[in-house]
Amino acid sequence: MIYMDWMLSLISAVLYPSPRCDPAHRQACAPRLGGMQEQMGETAALLNESFAQARTVRAYRLEQTETTRAGAAFQSCIARC
């Protein structure tokens, strides 16, 4: 684009700055995304643990406990959105 029309490139660079370069945008989004990623990791680990121990859960009749535990994890994940 610079090769074709340098004036238009300059105007567009001034009027439409990249969000990655905007410090206010970075400060506003960074804490929120970090916490969400951590929450999703915890939820994924909980589900992995539940699926890996499916036979144990069935043997001790802990289906309701696991359902409640997964529901609480999903609700906390949704609340962070």
Side-chain angles (χ1 to χ4, degrees):
M1 187 168 157
I2 294 172
Y3 177 74
M4 296 174 74
D5 190 1
W6 66 271
M7 183 68 86
L8 184 59
S9 299
L10 182 64
I11 292 171
S12 65
V14 170
L15 292 179
Y16 302 108
S18 174
R20 289 178 290 217
C21 297
D22 186 16
H25 178 75
R26 235 181 298 150
Q27 289 176 351
C29 292
R32 186 175 40 170
L33 292 176
M36 177 56 124
Q37 189 173 17
E38 183 179 323
Q39 183 68 33
M40 289 298 290
E42 290 174 4
T43 303
L46 181 130
L47 289 175
N48 188 28
E49 180 183 317
S50 294
F51 290 139
Q53 297 297 324
R55 285 187 174 183
T56 307
V57 168
R58 271 189 257 132
Y60 290 108
R61 296 184 175 260
L62 297 173
E63 291 92 350
Q64 186 61 38
T65 305
E66 289 297 313
T67 302
T68 305
R69 197 170 130 196
F74 288 135
Q75 286 300 322
S76 67
C77 192
I78 290 171
R80 280 184 137 323
C81 292

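Please read all numbers here as calculations on a predicted model, not as lab measurements.
Rounding to the nearest 0.5 angstrom, the gap separating the CD atom in E42 from the CG atom in L47 is 12.0 Å. Between the OG1 atom of T67 and the CG atom of L62 there is a distance of 10.5 Å, given to the nearest 0.5 Å.
By the side chain to side chain donor-acceptor pair (under 3.5 Å) test, Q53 is found to be paired with T56, residues two or more places apart in sequence or in another chain being considered.
The two residues Q39 and C77 have their closest heavy-atom pair at CG-CA, 3.8 Å. Taking each heavy atom of L46 and A70 in turn, the nearest pair found is CD2-CA, 3.9 Å.
Applying the salt bridge (Lys or Arg N to Asp or Glu O under 4.0 Å) test to every pair with at least one member in residues 66-77, sequence neighbours left out, gives these pairs: E49-R69, E66-R69.
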